Amino acid sequence: MMTVFRLIKPAPLTEKVQSRQGNIYLYRAMWLIGWIPPKEGVLRYVYLFWTCVPFAFGVFYLPVGFIISYVQEFKNFTPGEFLTSLQVCINVYGASVKSTITYLFLWRLRKTEILLDSLDKRLANDSDRERIHNMVARCNYAFLIYSFIYCGYAGSTFLSYALSGRPPWSVYNPFIDWRDGMGSLWIQAIFEYITMSFAVLQDQLSDTYPLMFTIMFRAHMEVLKDHVRNLRMNPDRSEADNYQDLVNCVLDHKTILKCCDMIRPMISRTIFVQFALIGSVLGLTLVNVFFFSNFWKGVASLLFVITILLQTFPFCYTCNMLIDDAQDLSNEIFQSNWVDAEPRYKATLVHFMHHVQQPIIFIAGGIFPISMNSNISVAKFAFSIITIVRQMNLAEQFQ
């Protein structure tokens, strides 16, 4: 088992590891869904056909299928079935937009990795390499956890509804009427599960890349803090060498900022879409859990709640930590051994500290600063929905 998932454990320091290896599981999933075609050959065109299949079903068919289903089958929905379908329908529209944005901006991830490669060359000792090794394992481990939870939601919803004699998401299918018998029901259920799996994996890729890269940025900020802490601590180095060490720290910080700038347009768009939807989706799901679900359907809905929370909360937390890292780096610069340095060194240090005090902030859609406070604020809408349902006794009226 450990050989299959060996990347979730830090590699030994004798083994060369790059920051980009933290995305190995991420890119394997992208390859599986059709996002990373071969560069040349006949297989490239075969693969591009496969690229169109998940997009056709996950991005185009599902949003349309849900709407047609509501128009034609609305009177046949139970309240629980309708909420289960509606909560996913809203999320599917958001996932379609997010996955399309992510796919169109994949080149930004590649360019960011090139910048990270230049930071990897600045690793000076085993302590630096250990930080990067741990970061690579942490990124792959996080992606694996996301995979288990997202797949667990799709699988549990599929089984809980199919075994109770209903299709999992009641998506419109022009070729099959699931009421024609048990065989038709299972064909419809399996078709919905496969189609939803495309959308779930695309959504997972859109939700995990911001977290993976911000974890990488934080690891290199930690390495940079160590380098700043060691400035002018070696008595064998000349003032010219010490000044060059400081310049290298300044260049490393600029490279980290370039990494953030390169990926910022992607994050701004995808997180804005999620911020716009999280409150309503979370509210509908909790109403479904509290008022209309049995045990197994409740388990599936709770897994869906976890996936919704995972879409933004871990990333927003790392954004908060990235802001704190900038403040910590500024403190490290001030507390470094600069008192008896030459004037040129001191002037550069002051300039460096001034720029470091500008926090690294991502803005969702140019409107919301991405942080835990913003995430909690948009998620509070879920409790407004529950309050409305309780005060107006909507659950009893629908039942």
Side-chain angles (χ1 to χ4, degrees), residues 1-28 109 112-146 208-237 241-242 244-260 263 314-315 317-337 352 356 360:
M1 207 55 184
M2 288 310 300
T3 57
V4 177
F5 299 115
R6 64 183 181 83
L7 294 174
I8 66 175
K9 291 289 185 180
L13 295 179
T14 53
E15 182 179 333
K16 183 180 179 181
V17 171
Q18 293 179 290
S19 297
R20 62 170 62 220
Q21 291 177 251
N23 289 328
I24 287 180
Y25 287 160
L26 175 71
Y27 285 129
R28 285 178 182 175
L109 302 186
T112 303
E113 288 184 332
I114 294 174
L115 293 171
L116 289 171
D117 289 342
S118 65
L119 290 171
D120 289 337
K121 295 176 182 177
R122 288 275 298 124
L123 303 180
N125 49 49
D126 285 346
S127 176
D128 294 347
R129 284 185 282 274
E130 185 178 10
R131 287 187 185 278
I132 300 305
H133 286 219
N134 291 336
M135 174 272 292
V136 167
R138 195 179 306 118
C139 287
N140 286 305
Y141 190 55
F143 186 83
L144 208 59
I145 292 175
Y146 270 76
T208 50
Y209 84 82
L211 179 62
M212 304 297 107
F213 278 90
T214 47
I215 289 175
M216 293 178 189
F217 300 159
R218 288 205 63 227
H220 283 286
M221 285 288 282
E222 291 296 328
V223 171
L224 179 56
K225 282 189 274 187
D226 284 343
H227 290 180
V228 169
R229 205 174 290 123
N230 294 326
L231 287 174
R232 301 186 76 252
M233 297 300 289
N234 187 347
D236 297 330
R237 294 181 68 80
D241 292 334
N242 290 330
Q244 186 58 50
D245 291 340
L246 175 60
V247 170
N248 289 336
C249 289
V250 174
L251 294 175
D252 288 346
H253 182 254
K254 285 186 176 181
T255 304
I256 294 173
L257 294 181
K258 287 180 181 178
C259 290
C260 296
I263 203 173
F315 173 62
Y317 176 75
T318 57
C319 285
N320 274 47
M321 298 301 293
L322 202 56
I323 294 172
D324 293 341
D325 286 336
Q327 183 61 47
D328 292 342
L329 179 58
S330 177
N331 293 336
E332 292 291 349
I333 294 170
F334 180 74
Q335 294 171 7
S336 65
N337 185 23
F352 184 27
V356 165
I360 300 174

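Keep in mind it's a predicted model, so treat the numbers as computed, not measured. Numbers for residues simply follow the sequence, beginning at 1.
- Between Val136 and Leu7, every side-chain heavy-atom pair lies at or beyond the 4.5 Å cut-off.
- If you run side-chain contact (heavy atoms from CB on, under 4.5 Å) between Asp120 and each of Arg20, Gln21, His220, only His220 comes through.
- When side chains are defined from C-beta on, Arg129 does not count as touching Val17, because their heavy atoms never get closer than 4.5 Å.
- Cys139 and Gly22 get closest at one heavy-atom pair: CB-O, 3.3 Å.
- In this structure, OG1 on Thr214 lies 9.0 Å from CZ on Arg218, to the nearest 0.5 angstrom.
- At a threshold of 4.5 Å between non-hydrogen side-chain atoms, the residues Ile215 and Leu211 count as touching.
- Residues Leu231 and Cys249 are in side-chain contact: their nearest non-hydrogen atoms beyond the backbone lie under 4.5 Å apart.
- Taking CG from Asn230 and CG from Asn242, the interatomic distance works out to 11.5 Å, rounded to the nearest 0.5 Å.
- Proximity of Ile263 to Phe217: side-chain heavy atoms (C-beta onward) are separated by under 4.5 Å at one or more points.
- Between Asp325 and Lys225, at least one side-chain nitrogen of the basic residue sits less than 4.0 Å from a carboxylate oxygen of the acidic one, meeting the salt-bridge criterion.
- Side-chain contact between Tyr27 and Glu113 is present, with heavy atoms from C-beta onward closer than 4.5 Å.
- Minimum heavy-atom separation, Lys9 to Ala137: C-CB, 3.6 Å.
- By the side-chain contact (heavy atoms from CB on, under 4.5 Å) test, Gln327 pairs with Asn331, sequence neighbours left out.
- A donor-acceptor pair under 3.5 Å is absent between the side-chain atoms of Asn337 and the main chain of Met233, judged by distance alone.
- The side-chain contact (heavy atoms from CB on, under 4.5 Å) search around Leu144 returns Phe5, Ile8, Tyr25, Phe148, not counting sequence neighbours.
- Between Ala326 and Val356, the shortest heavy-atom distance links the atoms O-CG1, 3.3 Å.
- From Thr208, atom OG1 reaches atom CD1 of Ile145 across 12.5 Å, with rounding to the nearest 0.5 Å.
- Across all their heavy atoms, Leu224 and Asp252 have their closest contact at CD1-CB, 4.0 Å.
- Contact check for Glu130 versus Pro10: no side-chain heavy atoms found under the 4.5 Å cut-off.
- Residues Ile132 and Val223 come closest through the heavy atom pair CD1-CG2, 4.3 Å.
- A pairwise comparison of heavy atoms in Ser19 and Met135 identifies OG-CE, 3.7 Å as the closest pair.
- Residue Ile360 holds its CD1 atom at 11.5 Å from CG of Asp324, rounded to the nearest 0.5 Å.
- Annotation: the span from Leu329 atom CG to His227 atom NE2 amounts to 12.0 Å, rounded to 0.5 Å.
- For the atom pair CZ (Phe315) and CG (Asn320), the distance works out to 10.5 Å, reported to the nearest 0.5 Å.
- Proximity of a side-chain donor or acceptor of Asp128 to a complementary backbone N or O of Ala124 within less than 3.5 Å is detected.
- Listed by first and then second residue, the side chain to side chain donor-acceptor pair (under 3.5 Å) pairs that reach into residues 131-141 are Arg131-Asp226, sequence neighbours excluded.
- Using a 4.5 Å heavy-atom cutoff, the side chains of Asn23 and Phe213 are in contact.
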